[in-house]
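What follows is a single structure, written as C-alpha coordinates, with notes after it.
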Amino acid sequence: MVGDGIKDNGEQRNKTASDIYQVQPYYQRFDQKNNMTRQRFWNPPAIELTRQLHENLKENILKNRPGYGLRDWAFYAGATANMTNSGFSINWPNRRGNSWQPLSKLTQSLAMVSPHPGYGKLEVDPSIATSLVKKMGHLFGADEVGTCILDRRWVYSHWFDEETREHYPIKFSDEPGYEKYQEPAQLDDRTQVIPEKMKYAIVLIHEMDERGMATAPTLTQQATTLTVYSRISFITVMLAEFIRSLGYNAIPSANDTALSIPLAIDAGLGELGRNAKLITPAYGPRCRISKVITDLPLEPAEPGLWGVTEFCNGCRKCARNCPAGAIPFGERSFEPLGIFNNRGVLQWQIDHMKCFKYFAKVGTNCGICIRTCPFNKSKHWGHKPVRNIIRMKNRNVDRLIARMDDLLGYGRYQTPDHFWSA
Ligand code: SF4
Ligand code: SF4
(Lines give C-alpha, C1' and ligand atoms only; values in the text may rest on other atoms or scores of the structure.)
(Ligands and ions follow the chains in the order given, each with its own letter.)
Protein backbone atom coordinates (compact mmCIF):
# COMPACT_ATOMS: atom_id res chain seq x y z
CA MET A 1 0.00 0.00 0.00
CA VAL A 2 1.42 3.35 -1.05
CA GLY A 3 2.51 5.57 1.83
CA ASP A 4 3.21 2.63 4.07
CA GLY A 5 6.30 1.75 2.05
CA ILE A 6 6.09 0.31 -1.44
CA LYS A 7 5.73 -3.41 -1.24
CA ASP A 8 7.99 -5.10 -3.75
CA ASN A 9 8.95 -8.65 -4.51
CA GLY A 10 11.18 -8.81 -1.46
CA GLU A 11 14.56 -8.83 -3.12
CA GLN A 12 15.26 -5.15 -2.47
CA ARG A 13 13.95 -4.88 1.08
CA ASN A 14 15.94 -2.87 3.62
CA LYS A 15 17.93 -1.11 0.95
CA THR A 16 18.13 2.65 1.32
CA ALA A 17 18.43 5.34 -1.36
CA SER A 18 22.20 5.35 -0.82
CA ASP A 19 22.31 1.58 -1.56
CA ILE A 20 19.96 1.76 -4.53
CA TYR A 21 21.82 4.66 -6.20
CA GLN A 22 25.25 3.34 -5.14
CA VAL A 23 26.50 6.39 -3.26
CA GLN A 24 30.29 6.39 -3.47
CA PRO A 25 32.70 6.93 -0.53
CA TYR A 26 33.87 10.21 -2.07
CA TYR A 27 30.33 11.63 -2.13
CA GLN A 28 30.04 14.91 -0.25
CA ARG A 29 26.93 16.56 1.11
CA PHE A 30 25.43 19.02 -1.38
CA ASP A 31 25.83 22.75 -0.83
CA GLN A 32 22.43 24.42 -1.28
CA LYS A 33 24.20 27.41 -2.83
CA ASN A 34 24.76 25.32 -5.98
CA ASN A 35 21.10 24.61 -6.57
CA MET A 36 19.98 26.60 -9.65
CA THR A 37 17.26 28.34 -7.66
CA ARG A 38 20.03 29.69 -5.38
CA GLN A 39 22.57 30.34 -8.12
CA ARG A 40 20.28 33.10 -9.35
CA PHE A 41 21.38 35.10 -6.27
CA TRP A 42 25.15 34.85 -6.78
CA ASN A 43 26.24 33.35 -10.09
CA PRO A 44 26.41 36.01 -12.88
CA PRO A 45 25.06 33.79 -15.74
CA ALA A 46 22.15 32.67 -13.53
CA ILE A 47 21.52 36.28 -12.40
CA GLU A 48 21.33 37.33 -16.06
CA LEU A 49 18.98 34.44 -16.88
CA THR A 50 16.74 35.49 -13.99
CA ARG A 51 16.59 39.02 -15.41
CA GLN A 52 15.61 37.58 -18.81
CA LEU A 53 13.01 35.36 -17.15
CA HIS A 54 11.33 38.39 -15.55
CA GLU A 55 11.48 40.33 -18.85
CA ASN A 56 9.91 37.48 -20.78
CA LEU A 57 7.25 36.93 -18.14
CA LYS A 58 6.34 40.62 -18.40
CA GLU A 59 6.18 40.41 -22.19
CA ASN A 60 3.98 37.31 -22.08
CA ILE A 61 1.60 39.13 -19.75
CA LEU A 62 1.56 42.36 -21.80
CA LYS A 63 0.86 40.40 -24.98
CA ASN A 64 -1.83 38.42 -23.18
CA ARG A 65 -0.41 35.12 -24.40
CA PRO A 66 -2.35 31.93 -23.55
CA GLY A 67 -1.59 31.02 -19.96
CA TYR A 68 -0.52 34.55 -19.01
CA GLY A 69 -3.91 36.30 -18.86
CA LEU A 70 -5.70 37.93 -15.97
CA ARG A 71 -7.13 34.68 -14.59
CA ASP A 72 -3.69 33.03 -14.69
CA TRP A 73 -2.13 36.01 -12.96
CA ALA A 74 -4.85 35.99 -10.31
CA PHE A 75 -4.29 32.23 -9.85
CA TYR A 76 -0.57 32.88 -9.33
CA ALA A 77 -1.27 35.67 -6.81
CA GLY A 78 -3.74 33.50 -4.90
CA ALA A 79 -1.38 30.52 -4.95
CA THR A 80 1.42 32.46 -3.28
CA ALA A 81 -0.76 34.32 -0.76
CA ASN A 82 -0.36 31.95 2.17
CA MET A 83 3.42 31.83 1.82
CA THR A 84 3.55 35.62 1.69
CA ASN A 85 1.27 35.91 4.68
CA SER A 86 3.13 33.40 6.87
CA GLY A 87 6.66 34.25 5.74
CA PHE A 88 7.19 30.62 4.80
CA SER A 89 10.08 30.18 2.41
CA ILE A 90 10.41 27.24 0.02
CA ASN A 91 14.20 27.43 0.14
CA TRP A 92 15.13 29.35 3.30
CA PRO A 93 15.40 27.33 6.54
CA ASN A 94 14.53 28.39 10.07
CA ARG A 95 12.82 31.61 9.19
CA ARG A 96 9.48 33.01 10.35
CA GLY A 97 6.86 30.63 8.88
CA ASN A 98 9.19 27.63 8.87
CA SER A 99 10.90 28.40 12.15
CA TRP A 100 12.74 25.57 13.88
CA GLN A 101 11.44 26.85 17.23
CA PRO A 102 8.06 26.16 18.90
CA LEU A 103 5.32 28.53 17.76
CA SER A 104 2.64 27.60 20.33
CA LYS A 105 3.68 30.18 22.89
CA LEU A 106 2.84 32.81 20.29
CA THR A 107 -0.65 31.53 19.61
CA GLN A 108 -3.63 32.90 21.47
CA SER A 109 -5.28 29.58 22.22
CA LEU A 110 -2.29 28.30 24.19
CA ALA A 111 -1.60 31.67 25.80
CA MET A 112 -4.96 31.22 27.52
CA VAL A 113 -3.63 28.19 29.39
CA SER A 114 -0.21 29.64 30.07
CA PRO A 115 1.86 28.40 31.79
CA HIS A 116 1.68 25.14 29.85
CA PRO A 117 -0.40 22.61 31.80
CA GLY A 118 2.48 20.16 31.67
CA TYR A 119 1.31 17.05 29.89
CA GLY A 120 4.90 15.86 29.75
CA LYS A 121 6.26 13.88 26.87
CA LEU A 122 4.57 11.24 24.73
CA GLU A 123 6.24 7.91 25.47
CA VAL A 124 5.00 5.28 23.04
CA ASP A 125 6.33 2.54 20.82
CA PRO A 126 7.78 3.91 17.53
CA SER A 127 5.13 2.02 15.55
CA ILE A 128 2.39 3.91 17.43
CA ALA A 129 4.19 7.24 17.00
CA THR A 130 4.50 6.48 13.26
CA SER A 131 0.76 5.81 12.96
CA LEU A 132 0.10 9.04 14.82
CA VAL A 133 2.23 11.26 12.57
CA LYS A 134 0.88 9.58 9.45
CA LYS A 135 -2.67 10.17 10.61
CA MET A 136 -1.96 13.82 11.36
CA GLY A 137 0.02 14.31 8.14
CA HIS A 138 -2.97 13.07 6.14
CA LEU A 139 -5.43 15.01 8.27
CA PHE A 140 -3.49 18.26 7.83
CA GLY A 141 -3.62 17.71 4.07
CA ALA A 142 -0.73 15.59 2.72
CA ASP A 143 -1.59 12.99 0.06
CA GLU A 144 1.04 10.43 1.07
CA VAL A 145 3.10 10.16 4.25
CA GLY A 146 6.16 8.01 4.90
CA THR A 147 8.85 7.83 7.56
CA CYS A 148 12.56 7.13 7.45
CA ILE A 149 15.81 7.35 9.36
CA LEU A 150 17.49 10.66 8.51
CA ASP A 151 20.52 9.81 6.39
CA ARG A 152 22.82 12.76 7.00
CA ARG A 153 24.28 12.49 3.52
CA TRP A 154 21.07 14.05 2.23
CA VAL A 155 21.27 17.05 4.57
CA TYR A 156 22.84 20.10 2.89
CA SER A 157 26.42 20.84 3.92
CA HIS A 158 25.49 24.54 3.83
CA TRP A 159 22.26 26.49 3.61
CA PHE A 160 21.91 29.59 1.47
CA ASP A 161 20.81 32.89 2.98
CA GLU A 162 18.86 35.06 0.53
CA GLU A 163 19.46 38.08 2.78
CA THR A 164 23.26 38.05 2.84
CA ARG A 165 23.62 36.03 -0.40
CA GLU A 166 26.15 33.84 1.38
CA HIS A 167 26.10 30.22 2.45
CA TYR A 168 26.54 28.97 6.04
CA PRO A 169 27.18 25.48 7.47
CA ILE A 170 24.57 23.04 8.71
CA LYS A 171 26.16 21.12 11.61
CA PHE A 172 25.08 18.28 13.88
CA SER A 173 25.44 18.48 17.65
CA ASP A 174 27.84 15.53 17.76
CA GLU A 175 30.37 17.47 15.69
CA PRO A 176 33.20 19.07 17.71
CA GLY A 177 32.19 22.45 19.12
CA TYR A 178 28.43 21.96 18.76
CA GLU A 179 27.82 19.45 21.57
CA LYS A 180 25.82 21.82 23.77
CA TYR A 181 22.99 22.29 21.26
CA GLN A 182 20.25 19.87 22.19
CA GLU A 183 17.56 21.85 20.40
CA PRO A 184 17.62 23.09 16.79
CA ALA A 185 19.43 26.42 16.69
CA GLN A 186 20.76 29.16 14.45
CA LEU A 187 24.00 30.56 15.89
CA ASP A 188 25.22 34.15 15.72
CA ASP A 189 27.49 33.26 12.80
CA ARG A 190 24.37 31.86 11.04
CA THR A 191 25.42 28.22 11.35
CA GLN A 192 22.33 26.02 11.74
CA VAL A 193 22.69 23.17 14.24
CA ILE A 194 20.58 20.00 14.14
CA PRO A 195 20.71 17.98 17.38
CA GLU A 196 22.21 14.53 16.86
CA LYS A 197 19.08 12.98 18.42
CA MET A 198 16.94 14.25 15.51
CA LYS A 199 17.43 11.02 13.59
CA TYR A 200 14.04 10.67 11.91
CA ALA A 201 12.16 12.28 9.04
CA ILE A 202 8.52 12.31 8.07
CA VAL A 203 8.23 12.77 4.32
CA LEU A 204 5.06 14.11 2.77
CA ILE A 205 3.87 13.91 -0.85
CA HIS A 206 1.59 16.57 -2.26
CA GLU A 207 -0.20 15.96 -5.56
CA MET A 208 -0.23 18.76 -8.14
CA ASP A 209 -3.41 19.29 -10.16
CA GLU A 210 -3.37 17.19 -13.33
CA ARG A 211 -5.12 19.74 -15.55
CA GLY A 212 -2.97 22.59 -14.28
CA MET A 213 0.23 20.65 -14.99
CA ALA A 214 -1.07 19.77 -18.47
CA THR A 215 -0.65 23.46 -19.39
CA ALA A 216 3.13 23.34 -18.81
CA PRO A 217 4.92 25.60 -19.42
CA THR A 218 2.69 28.58 -18.57
CA LEU A 219 1.92 30.80 -15.61
CA THR A 220 -1.13 28.57 -15.07
CA GLN A 221 1.19 25.63 -14.53
CA GLN A 222 3.54 27.61 -12.29
CA ALA A 223 0.57 28.70 -10.17
CA THR A 224 -0.47 25.04 -9.94
CA THR A 225 2.96 24.25 -8.50
CA LEU A 226 2.87 27.19 -6.11
CA THR A 227 -0.57 26.21 -4.83
CA VAL A 228 1.03 23.04 -3.56
CA TYR A 229 3.92 24.95 -1.96
CA SER A 230 1.38 27.12 -0.16
CA ARG A 231 -0.26 23.95 1.16
CA ILE A 232 3.16 22.67 2.22
CA SER A 233 3.67 25.91 4.11
CA PHE A 234 0.84 25.13 6.49
CA ILE A 235 0.91 21.31 6.48
CA THR A 236 4.57 21.05 7.55
CA VAL A 237 4.24 23.83 10.11
CA MET A 238 1.16 22.22 11.66
CA LEU A 239 2.77 18.79 11.76
CA ALA A 240 5.96 20.21 13.29
CA GLU A 241 3.99 22.03 15.97
CA PHE A 242 1.95 18.89 16.70
CA ILE A 243 5.20 17.00 17.32
CA ARG A 244 6.66 19.78 19.48
CA SER A 245 3.52 19.72 21.58
CA LEU A 246 4.12 16.00 22.19
CA GLY A 247 7.43 17.03 23.79
CA TYR A 248 9.86 16.60 20.88
CA ASN A 249 11.78 18.78 18.44
CA ALA A 250 10.68 19.27 14.84
CA ILE A 251 12.08 21.03 11.76
CA PRO A 252 9.53 21.77 9.00
CA SER A 253 11.02 21.97 5.53
CA ALA A 254 10.07 22.34 1.88
CA ASN A 255 13.18 22.45 -0.35
CA ASP A 256 15.55 23.83 2.31
CA THR A 257 17.78 21.94 4.81
CA ALA A 258 17.99 18.60 2.95
CA LEU A 259 17.45 16.95 -0.42
CA SER A 260 13.85 15.78 -0.42
CA ILE A 261 13.96 13.10 -3.14
CA PRO A 262 16.35 10.63 -1.46
CA LEU A 263 14.50 11.07 1.83
CA ALA A 264 11.24 10.26 0.03
CA ILE A 265 12.86 7.15 -1.45
CA ASP A 266 14.06 6.13 2.02
CA ALA A 267 10.50 6.67 3.26
CA GLY A 268 9.21 4.19 0.66
CA LEU A 269 7.37 6.79 -1.39
CA GLY A 270 8.93 6.39 -4.84
CA GLU A 271 11.97 6.03 -7.06
CA LEU A 272 14.20 8.36 -9.04
CA GLY A 273 13.33 8.87 -12.71
CA ARG A 274 15.38 9.83 -15.74
CA ASN A 275 13.87 13.32 -15.39
CA ALA A 276 15.50 13.62 -11.92
CA LYS A 277 12.07 13.70 -10.29
CA LEU A 278 10.65 11.41 -7.66
CA ILE A 279 8.35 8.95 -9.44
CA THR A 280 5.58 7.98 -7.05
CA PRO A 281 3.25 5.03 -7.61
CA ALA A 282 0.16 7.20 -7.26
CA TYR A 283 1.01 10.37 -9.21
CA GLY A 284 4.27 9.63 -11.00
CA PRO A 285 6.37 12.83 -10.93
CA ARG A 286 3.28 15.09 -10.62
CA CYS A 287 3.88 15.96 -6.98
CA ARG A 288 6.01 18.02 -4.61
CA ILE A 289 7.76 16.77 -1.50
CA SER A 290 8.15 18.21 1.99
CA LYS A 291 9.54 16.82 5.20
CA VAL A 292 9.66 17.26 8.97
CA ILE A 293 12.87 16.22 10.74
CA THR A 294 12.34 15.11 14.33
CA ASP A 295 13.64 13.29 17.41
CA LEU A 296 10.28 11.57 17.97
CA PRO A 297 11.31 7.91 17.52
CA LEU A 298 9.62 6.54 14.39
CA GLU A 299 9.50 3.24 12.57
CA PRO A 300 11.18 3.62 9.15
CA ALA A 301 9.44 2.39 6.00
CA GLU A 302 11.03 -0.15 3.71
CA PRO A 303 12.11 1.36 0.41
CA GLY A 304 11.12 -0.80 -2.51
CA LEU A 305 11.77 -0.92 -6.21
CA TRP A 306 8.96 -1.37 -8.70
CA GLY A 307 10.83 -1.01 -11.97
CA VAL A 308 11.16 2.75 -12.54
CA THR A 309 14.87 2.69 -13.44
CA GLU A 310 14.33 -0.18 -15.84
CA PHE A 311 11.27 1.45 -17.39
CA CYS A 312 13.15 4.75 -17.80
CA ASN A 313 15.95 2.86 -19.57
CA GLY A 314 13.55 2.04 -22.39
CA CYS A 315 11.18 5.01 -22.27
CA ARG A 316 13.17 8.26 -22.69
CA LYS A 317 9.94 10.20 -23.33
CA CYS A 318 11.04 13.09 -21.08
CA ALA A 319 14.38 13.33 -22.91
CA ARG A 320 12.57 13.39 -26.26
CA ASN A 321 10.24 16.14 -25.10
CA CYS A 322 12.65 18.33 -23.16
CA PRO A 323 12.91 21.53 -25.24
CA ALA A 324 16.25 22.38 -23.64
CA GLY A 325 18.00 19.08 -24.29
CA ALA A 326 18.72 18.97 -20.57
CA ILE A 327 17.72 15.32 -19.98
CA PRO A 328 20.16 12.64 -21.19
CA PHE A 329 19.17 9.82 -23.56
CA GLY A 330 22.07 7.64 -22.41
CA GLU A 331 23.07 5.75 -19.31
CA ARG A 332 23.20 6.87 -15.70
CA SER A 333 26.49 8.18 -14.40
CA PHE A 334 28.29 9.08 -11.17
CA GLU A 335 29.86 12.14 -12.80
CA PRO A 336 28.15 15.54 -12.61
CA LEU A 337 27.66 17.90 -15.54
CA GLY A 338 28.18 20.94 -13.35
CA ILE A 339 28.16 22.19 -9.78
CA PHE A 340 24.37 21.83 -9.80
CA ASN A 341 24.68 18.00 -9.71
CA ASN A 342 25.83 15.69 -6.93
CA ARG A 343 29.00 13.75 -7.58
CA GLY A 344 29.06 10.09 -6.59
CA VAL A 345 25.39 9.11 -6.99
CA LEU A 346 24.37 6.81 -9.87
CA GLN A 347 21.69 8.82 -11.64
CA TRP A 348 20.74 10.45 -14.90
CA GLN A 349 22.56 13.76 -14.74
CA ILE A 350 20.37 16.68 -15.72
CA ASP A 351 21.93 19.81 -17.18
CA HIS A 352 20.18 22.24 -14.85
CA MET A 353 21.80 25.26 -16.51
CA LYS A 354 20.19 24.31 -19.85
CA CYS A 355 16.93 23.76 -18.02
CA PHE A 356 17.18 27.19 -16.36
CA LYS A 357 17.89 28.80 -19.74
CA TYR A 358 14.59 27.42 -20.96
CA PHE A 359 12.85 28.85 -17.87
CA ALA A 360 14.31 32.24 -18.82
CA LYS A 361 13.01 31.89 -22.37
CA VAL A 362 9.42 31.09 -21.40
CA GLY A 363 9.30 33.37 -18.35
CA THR A 364 8.16 30.69 -15.86
CA ASN A 365 9.40 27.33 -14.70
CA CYS A 366 8.76 24.48 -17.15
CA GLY A 367 7.29 21.13 -16.03
CA ILE A 368 7.18 19.47 -19.47
CA CYS A 369 9.11 16.48 -18.09
CA ILE A 370 6.39 16.06 -15.47
CA ARG A 371 3.53 16.48 -17.95
CA THR A 372 4.91 14.00 -20.51
CA CYS A 373 6.00 11.20 -18.17
CA PRO A 374 3.90 8.03 -18.64
CA PHE A 375 3.76 7.67 -14.85
CA ASN A 376 1.88 10.98 -14.68
CA LYS A 377 -1.60 9.58 -14.50
CA SER A 378 -4.60 10.08 -12.31
CA LYS A 379 -5.65 7.26 -10.03
CA HIS A 380 -8.21 6.25 -12.68
CA TRP A 381 -8.75 2.47 -12.60
CA GLY A 382 -7.84 2.16 -16.29
CA HIS A 383 -4.20 3.03 -15.53
CA LYS A 384 -3.83 0.39 -12.86
CA PRO A 385 -3.14 -2.56 -15.21
CA VAL A 386 -0.27 -0.64 -16.86
CA ARG A 387 1.28 0.14 -13.48
CA ASN A 388 0.97 -3.52 -12.58
CA ILE A 389 2.70 -4.56 -15.83
CA ILE A 390 5.57 -2.21 -15.00
CA ARG A 391 5.79 -3.68 -11.52
CA MET A 392 5.97 -7.19 -13.01
CA LYS A 393 9.34 -6.12 -14.41
CA ASN A 394 8.78 -7.54 -17.87
CA ARG A 395 11.29 -5.29 -19.64
CA ASN A 396 10.16 -6.36 -23.12
CA VAL A 397 7.01 -4.27 -22.90
CA ASP A 398 8.52 -1.02 -21.59
CA ARG A 399 9.07 0.61 -24.98
CA LEU A 400 5.66 -0.55 -26.14
CA ILE A 401 4.00 1.06 -23.12
CA ALA A 402 5.90 4.31 -23.69
CA ARG A 403 4.94 4.27 -27.37
CA MET A 404 1.28 3.56 -26.56
CA ASP A 405 1.36 6.48 -24.14
CA ASP A 406 2.38 8.73 -27.04
CA LEU A 407 -0.20 7.28 -29.43
CA LEU A 408 -3.01 7.70 -26.93
CA GLY A 409 -2.06 11.35 -26.55
CA TYR A 410 -1.06 11.27 -22.89
CA GLY A 411 1.21 14.06 -21.76
CA ARG A 412 0.25 16.44 -24.56
CA TYR A 413 0.04 20.16 -23.89
CA GLN A 414 -3.46 21.33 -23.07
CA THR A 415 -4.45 24.95 -23.37
CA PRO A 416 -5.10 27.01 -20.25
CA ASP A 417 -8.65 27.47 -21.64
CA HIS A 418 -9.10 23.73 -21.18
CA PHE A 419 -7.94 24.12 -17.57
CA TRP A 420 -10.32 27.02 -16.95
CA SER A 421 -13.28 25.36 -18.66
CA ALA A 422 -13.34 22.33 -16.37
S1 SF4 B 1 11.76 21.30 -16.64
FE2 SF4 B 1 11.58 21.51 -18.91
S3 SF4 B 1 13.59 22.23 -19.56
FE4 SF4 B 1 13.85 21.45 -17.49
S5 SF4 B 1 14.46 19.31 -17.73
FE6 SF4 B 1 12.22 19.30 -17.54
S7 SF4 B 1 11.47 19.40 -19.65
FE8 SF4 B 1 13.63 20.01 -19.70
S1 SF4 C 1 9.25 10.09 -19.19
FE2 SF4 C 1 9.93 7.97 -19.28
S3 SF4 C 1 12.14 8.08 -19.06
FE4 SF4 C 1 11.32 10.02 -18.37
S5 SF4 C 1 11.07 9.80 -16.16
FE6 SF4 C 1 9.11 9.28 -17.10
S7 SF4 C 1 9.20 7.05 -17.35
FE8 SF4 C 1 11.29 7.75 -17.00
Evaluate the side-chain proximity of F311 to I279: yes if any heavy-atom separation is below 4.5 Å, no if none is.
no
The side-chain hydrogen bond (donor to acceptor under 3.5 Å, both in side chains) partners of R288 (sequence neighbours excluded) come to Y229
Tell me the salt bridge (Lys or Arg N to Asp or Glu O under 4.0 Å) pairs involving residues 317-332, sequence neighbours left out?
K317-D405, K317-D406, R320-D406
With sequence neighbours excluded, tell me which residues meet salt bridge (charged side-chain N to carboxylate O under 4.0 Å, His left out) with D209.
none
Name all residues meeting the side-chain hydrogen bond (donor to acceptor under 3.5 Å, both in side chains) criterion together with S421; count only those two or more places apart in sequence or in a different chain, and write none if there are none.
none
Does a salt bridge link R190 with E163, judged by any charged N lying under 4.0 Å from a carboxylate O?
yes
Contacts of type salt bridge (charged side-chain N to carboxylate O under 4.0 Å, His left out), residue K33, not counting sequence neighbours:
none
d(M213 CE, I368 CD1) to nearest 0.5 Å is 10.0 Å
Pairwise side chain to side chain donor-acceptor pair (under 3.5 Å) hits with a residue in residues 55-77, at least two apart:
E59-K63, N60-R65, R71-D417, D72-T220, D72-W420
For Y27, does the six-membered ring have the charged nitrogen or CZ of R153 within the cation-pi criterion, i.e. under 6.0 angstrom from the centroid and within 45° of the normal?
no
Taking only residues two or more places apart in sequence or in another chain, which ones pass salt bridge (charged side-chain N to carboxylate O under 4.0 Å, His left out) with K357?
none
Hits for side-chain hydrogen bond (donor to acceptor under 3.5 Å, both in side chains) against Q186, two or more places apart or cross-chain, chain-then-number order -> Q192
Could you tell me which non-hydrogen atom of N249 sits nearest to which non-hydrogen atom of P184, and how far apart they are?
OD1-CD, 3.4 Å
Return the CD to OG distance between E299 and S127, rounded to the nearest 0.5 Å.
5.0 Å
Does some side-chain heavy atom of L239 sit less than 4.5 Å from a side-chain heavy atom of V145?
no
In chain order, what residues pass the side chain to side chain contact (heavy atoms under 4.5 Å, CB included) check against Q414, with sequence neighbours excluded?
A214, H418
OG1-CZ distance between T236 and F88, expressed to the nearest 0.5 angstrom
4.0 Å
Holding to side-chain hydrogen bond (donor to acceptor under 3.5 Å, both in side chains), I want the full list of residues that pass it with H158, two or more places apart in sequence or in another chain.
none
Just grab all the side chain to side chain donor-acceptor pair (under 3.5 Å) pairs involving residues 78-90, residues at least two apart or on different chains.
N82-S233
Could you give the distance from CG (L150) to OG1 (T257), rounded to the nearest 0.5 Å?
10.5 Å
Taking the side chain as C-beta and beyond, is there a heavy-atom pair between Q39 and I339 under 4.5 Å?
yes
Could you tell me whether the side chain of T280 and the main chain of L269 form a donor-acceptor pair under 3.5 Å?
no
Under a 4.5 Å cut-off applied to non-hydrogen side-chain atoms, are F41 and N91 in contact?
no
Under 6.0 Å between ring centres: does that hold for F419 and F75?
yes
So, does R316 use its side chain to make a donor-acceptor pair with the main chain of P328 at under 3.5 Å?
no
Taking C-beta and beyond as the side chain, do S253 and N98 meet within less than 4.5 Å on heavy atoms?
no
Is the shortest heavy-atom distance from the side chain of Y156 to the side chain of L259 under 4.5 Å?
yes
Taking atom CD of E335 as the centre, does the number of heavy atoms from other residues, nucleotides or ligands within less than 6.0 Å exceed 12?
yes
Indicate yes or no for a side-chain donor-acceptor contact from R371 to the backbone of G411 under 3.5 Å, with no hydrogens or angles considered.
yes
Should N94 and S99 count as side-chain neighbours, where that means a heavy-atom distance under 4.5 Å?
yes
Would you indicate whether the side-chain heavy atoms of L305 and K15 approach each other to under 4.5 Å?
no
Please check this pair: side chain of W159 against backbone of A258, looking for a donor-acceptor N/O pair closer than 3.5 Å.
no
Counting only pairs under 3.5 Å, give me each side-chain donor-acceptor contact of residues 358-365, with atom names and distances, residues two or more places apart or in other chains.
| unit_1 | atom_1 | unit_2 | atom_2 | d |
| --- | --- | --- | --- | --- |
| N365 | OD1 | Q221 | NE2 | 3.0 |

